Structures are given as structure tokens and as C-alpha cells.
Undergrad: 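Here it is, the structure in full.
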There are 2 protein chains.
Amino acid sequence: MRDGGRNDERQAAIVAKLKSAGLRTTRPRVALAHLLFGQGDRHITAEALHSEARAAGLSISQATIYNTLNQFHEAGILREVQVEKARSYFDTNISDHHHFYVEGEGRLIDIEQNAISVDKLPSSPEGFRVTGVDVVIRLTK
Amino acid sequence: MRDGGRNDERQAAIVAKLKSAGLRTTRPRVALAHLLFGQGDRHITAEALHSEARAAGLSISQATIYNTLNQFHEAGILREVQVEKARSYFDTNISDHHHFYVEGEGRLIDIEQNAISVDKLPSSPEGFRVTGVDVVIRLTK
DNA sequence: ATTTATTTTAGAATTATTCTAAAATACTTG
DNA sequence: CAAGTATTTTAGAATAATTCTAAAATAAAT
Ligand SMILES: [Mn+2]
Ligand SMILES: [Mn+2]
Ligand SMILES: [Zn+2]
Ligand SMILES: [Zn+2]
């Protein structure tokens, strides 16, 4: 059952992504990278990713889920978003952008950076440099 | 040792604040309110407040620290700020404003609302309303 | 004063996340 | 390829912030 090599291309793209992030291409990492990066931008928690992995028939430990998410984050191919107490979201969209956060549903929605103008930033305190600007607009029904 | 009634005034102000927030004025609540509101705007964690209380000779349980912070928050006299995984900050400044967050030090610094112009907010998804706009500027040395 | 409703508390429970150290796997070298 | 070495994965325990439980203490109402 060939497909003209389309799957091989996706596979190669994932492998290249990990390689160029300085990460070894192990089976669990490649599989999780497929779930994370294979279907457009996503915002996902560790537990949700673990469920998805199990649902996909993969047997990957919880520790590996956390290790992998943290490694991807440190390697710069995932962004960590802090919107609620006690649980991190990981964002496959690493471009500069902001978020709507739907309270109760626990859902994040991207806002393009230029949809908000964060003008005239106050100057940072002496001796510090800006490592990120996070805008979260909280929503309810 | 009189002081012209200045302490009584502060005490009365605290009591009035709790009353008008619909909260009973119990001894632990009044004592914590003094620590929280008696020395200008602050950003503090539950654990830090507990330490301060002990240092001030108060014996207040951990559960009461959490209960009180949550009640003050629900009553609208404290704001809860989510900047790092696994730990909440409570902010005695409940006006609309934003924050610098100094990573590593765990310190929050207020930014007046009009020091940043969050213009042309994108319209919220159909059926939702905005309950808050949080801007966090992360800093490092 | 008595009664009733609320609050405080010690300690246990919960939950996301990290740690540990041993087994498995990936990469390198001969 | 065959060892050897470095990295990764894993089960399960540990950690840490927060919440829960249910009983004792306190506050408000009668
Ligand atoms: Mn991280
Ligand atoms: Mn709360
Ligand atoms: Zn996003
Ligand atoms: Zn503040």
C-alpha cells in the first residue's frame, strides 16, 4: 500500500525537526512528535497527550511524556503556557502570539501577535532583560 | 501608651473592609488582613504569608491561610496571579494593571495599566465575554 | 444564656510534576 | 558487525502546593 512517499516525507520532516533541535530520534520521541506536530497548532496538557498516546496504541510512560515535553520545550520547539494553577499547557505554535483562555473549558485559542498592539512597553528595571511577553485574555460563557 | 487613635483607625479600616466584603471579622482574618493590606501593595504566596504570620507570633493554620486567601479573592479584595507552574501569587492591588515577573527570583512588579496600550483587542469568540486581561512581561538578569 | 451558623484546625487526601536507579536503546568505535 | 559507552525510558516512589474532612472553637442571632 504505497502512497507516493507522502508518509515517508512526514516522517523525515519530524526526524529532521528533532535532529536540528539537537535531540536523538528515539521511538517515543518520534511518536510523540507526530501527535504534537502532525495536525496543525495545538495546546495540550501532559495528561491529555498521554491519553492520546495510549489511544494511539503507544505504550509510553508518564515520565517519558513529561521528559519529552520538557526537552522539546528546552529545545525551543514547544512553548509552555501558564494559565491556570496546577497544570501546564504546551503550545506547538512557537511564534510570538497571545491567547484567549476559556475558563472552565480549559481551552486556549491563539491570537496573532499583531491583533494586539502592546505599545509603549515600560522600560525594564535596570539590569534585567525581557524574555517573553504573555498576554492572556480570560473568557467565560 | 496612646497614639491619638491612629492604630484604632487602621483597625477600624480593616474591619470595615472585611465587613463590606461580606466577611465576618474573625481574629485570624483580621490579623491576616493587617499583614496583607497594612503596608502598601504586595504580591505574596500562601507559604510566604504563613511564614510572616508565624514570625509575627500568630498561630494560624495552613488551612486557614489558604481558606482566607481564597475567600478574600472570591470577595474581590485580592487578585490571584498565575505566573509560574505550581504556585499562586496573591496581589493586594486589585486595580487593572499588569506585571513584570522576575524569573528565578519569583518577584512580581506592577505595571500601571496605562503604561501599556493593549489596543485593538480581537473580538471574543461568539458567546463569550472577557473576564480579565493579563499581561506578564518575563524578565531575567 | 442558648441556640445556630460559620470558621478554624490537624491531619489526611489529592494531584501535577519530578526524582531514582535500573533496564532498554541509541550512537560510536574498532 | 560487535563491543563499549552514553543517553533514554521506565515503574514506582517522592515531592510539594493545594484541598478536603470532620471535629472543636468561635461568632452571630434569639
Ligand atoms: Mn519547563
Ligand atoms: Mn481561587
Ligand atoms: Zn498558542
Ligand atoms: Zn500587581
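Note that the structure is a prediction, hence the values are computed from the model and not measured. By convention in this document, chain letters (A, B, ...) are assigned in the order of the sequence lines, proteins followed by strands, and residues within each chain are numbered from 1.
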Undergrad: Quick one: pull up CZ in B:F100 and CD1 in B:I137 and give me the separation to the nearest 0.5 Å.
TA: 4.5 Å
Undergrad: Determine yes or no for a side-chain-to-main-chain donor-acceptor pair under 3.5 angstrom, with A:H73 supplying the side chain and A:L78 the backbone.
TA: yes
Undergrad: The criterion is side-chain hydrogen bond (donor to acceptor under 3.5 Å, both in side chains); which residues satisfy it with A:E52, sequence neighbours excluded?
TA: A:R42
Undergrad: Starting at atom CD of B:E74, determine the distance to atom P of D:dT19, rounded to an integer number of angstrom.
TA: 10 Å
Undergrad: Where each residue is assigned the nucleotide of DNA chain D containing its nearest heavy atom, which of A:R29 and B:A86 is assigned the position nearer the 5′ end?
TA: A:R29
Undergrad: Of all of residues 43-51 of chain B, which get a heavy atom below 4.0 angstrom from DNA chain C, listed by number?
TA: none
Undergrad: For residues 17-38 of chain A, pull every pair meeting salt bridge (charged side-chain N to carboxylate O under 4.0 Å, His left out), keeping only residues two or more places apart or in separate chains.
TA: none
Undergrad: Calculate the interatomic distance between B:Y89 atom OH and D:dA17 atom C1'; express it in whole Å.
TA: 13 Å
Undergrad: Rounded to whole Å, please give me the gap between OH in A:Y66 and C1' in C:dC19.
TA: 14 Å
Undergrad: Between the side chains of A:Q82 and A:Y89, is a donor N or O closer than 3.5 angstrom to an acceptor N or O?
TA: no
Undergrad: Distances for protein N/O vs nucleotides 10-14 of chain D N/O pairs under 3.5 angstrom?
TA:
from   : atom 1 : to    : atom 2 : distance (Å)
D:dT10 : OP1    : A:S59 : O      : 3.3
D:dT10 : OP2    : A:S61 : N      : 3.1
D:dT10 : OP2    : A:S61 : OG     : 3.4
D:dT10 : OP2    : A:T64 : OG1    : 2.5

Undergrad: Of all heavy-atom pairs between A:L32 and A:T64, which one has the smallest distance, and what is that distance?
TA: CD1-O, 4.5 Å
Undergrad: Calculate the interatomic distance between B:E80 atom CD and D:dA17 atom C1'; express it in whole Å.
TA: 12 Å
Undergrad: Under 6.0 Å from the CD atom of B:E112, do we count more than 12 heavy atoms belonging to anything else shown?
TA: no
Undergrad: Start with the C-alpha gap between A:S95 and A:Q113, add the side-chain angles, then the distance that decides, and say whether side-chain hydrogen bond (donor to acceptor under 3.5 Å, both in side chains) holds.
TA: CA-CA 8 Å; A:S95 75; A:Q113 176 176 38; over 6 Å; no
Undergrad: Within this structure, what is the CD-to-P distance between B:E84 and D:dA16, rounded to whole angstrom?
TA: 14 Å
Undergrad: For A:E103, enumerate each residue passing the side-chain hydrogen bond (donor to acceptor under 3.5 Å, both in side chains) test, keeping only those at least two apart in sequence or located in another chain.
TA: none
Undergrad: Could you state the atom-to-atom distance from CD of A:Q71 to P of D:dT9 in whole Å?
TA: 6 Å
Undergrad: Pull out every protein N or O sitting under 3.5 Å from an N or O of nucleotides 24-29 of chain D, one pair per line with the distance.
TA:
none

Undergrad: B:H43 vs B:D110, test: side-chain hydrogen bond (donor to acceptor under 3.5 Å, both in side chains). Steps then yes/no.
TA: CA-CA 9 Å; B:H43 304 93; B:D110 282 345; 2.8 Å; yes
Undergrad: Atom NZ of A:K85 and atom C1' of D:dA16: how far apart are they, to the nearest Å?
TA: 14 Å
Undergrad: Would you say the side-chain atoms of A:D134 and A:H99 include a donor-acceptor pair closer than 3.5 Å?
TA: no
Undergrad: Please give, in whole Å, the distance from C:dT8 P to B:N70 CG?
TA: 13 Å
